[in-house]
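Hydrogens, waters and symmetry mates are skipped; everything else that's a heavy atom, side chains included, is used.
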Amino acid sequence: MKSIVVFGLVFSIVFSALAWADAPVTHKHGGRSHTHVLPSTGVNHSHGSPQRPTPQPATSSGWVYITTSDGYNPVSFYGKAGSLQRTTSHYSIISKSHNPLTKGIVISREIVPISNCNNGVGVLKAYDLSGNLVQQNDFAFGSGNVASLIAETICIAGASLR
């Protein structure tokens, strides 16, 4: 039996061998019962909108999950364990972004000035590993956007290096 939480409700479904062989499965979510072949996300899906893949924890491979963007093409962001650095002016980590729809992975160094951390607002800059600026985004702690979540994670971790 497999239990899945959807919109705060727990549904239990018994999967037969046929369910894994692309057979239609009767299940209930979103207030209705229906039957169809399940997508790769199982019962945790919706109808009429793109699926948001569930990020896989990556701590065992040396990467720590930070956040996933919203929308049709969600991208998951991770920080490399042990890569946190502090200089006199900034904190930085090696990060990777993973786009499960395109299978793309981008490695970069994310940098936040310590003064921005102290103010809770500023600019998160991403550099390729050769040192070229590839992206910069404004952030404000608590705003919920991807740059803010990454910057806040870096700042909290960086403050522990003092």
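- Interatomic distance, CD of Q85 versus CD1 of I154, reported as 11.5 Å (0.5 Å rounding).
- Residues C155 and V112 approach most closely at SG-CG1, 3.6 Å, considering heavy atoms.
- Side-chain contact check for T68 and Y65: at least one donor-acceptor pair (N or O, by modelled atom type) lies under 3.5 Å.
- At least one side-chain heavy atom of N99 sits less than 4.5 Å from a side-chain heavy atom of N73.
- Between N118 and I114 the shortest side-chain heavy-atom distance falls below 4.5 Å.
- In this structure, the separation between OG on S69 and CZ on F77 is 5.5 Å, given to the nearest 0.5 Å.
- Note that NE2 of H98 is 5.0 Å distant from CD1 of I105, once rounded to the nearest 0.5 Å.
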Given E110 and L124, is the side-chain contact (heavy atoms from CB on, under 4.5 Å) satisfied, shown in steps?
-> CA-CA 7 Å; E110 305 283 342; L124 172 70; 3.6 Å; yes
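- Taking all atoms of both residues into account, the shortest heavy-atom contact from T153 to L149 is OG1-O, 2.7 Å.
- Both Y91 and V146 are members of a single hydrophobic cluster when ILVMFWY side chains are connected at heavy-atom separations under 4.5 Å.
- Counting heavy atoms from C-beta on, the side chains of N137 and V123 never come closer than 4.5 Å.
- Residues I66 and Y78 have side chains not in contact (no heavy-atom distance under 4.5 Å, counting atoms from C-beta outward).
- Remark: Q135 CD to S97 OG distance equals 8.5 Å, nearest 0.5 Å.
- With sequence neighbours excluded, the residues that form a side chain to side chain contact (heavy atoms under 4.5 Å, CB included) with I156 are E152.
- For the residue pair S130 and N132, no side-chain donor N or O sits within less than 3.5 Å of a side-chain acceptor on the partner.
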Test side-chain contact (heavy atoms from CB on, under 4.5 Å) applied to D128 and L133, step by step | CA-CA 7 Å; D128 64 22; L133 180 67; over 6 Å; no
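- Residues N116 and F139 meet the side-chain proximity criterion, which asks for heavy atoms closer than 4.5 Å.
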Before giving the answer on side-chain contact (heavy atoms from CB on, under 4.5 Å), spell out for I111 and Y127 the whole-Å C-alpha distance, their side-chain angles and the decisive distance to 0.1 Å.
-> CA-CA 8 Å; I111 295 179; Y127 295 84; 3.7 Å; yes
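- I93 places none of its side-chain heavy atoms less than 4.5 Å from the side chain of R109.
- With rounding to the nearest 0.5 angstrom, the CG atom of L84 is 6.5 Å from the OG atom of S160.
- With rounding to the nearest 0.5 angstrom, the NE2 atom of H90 is 10.5 Å from the SG atom of C117.
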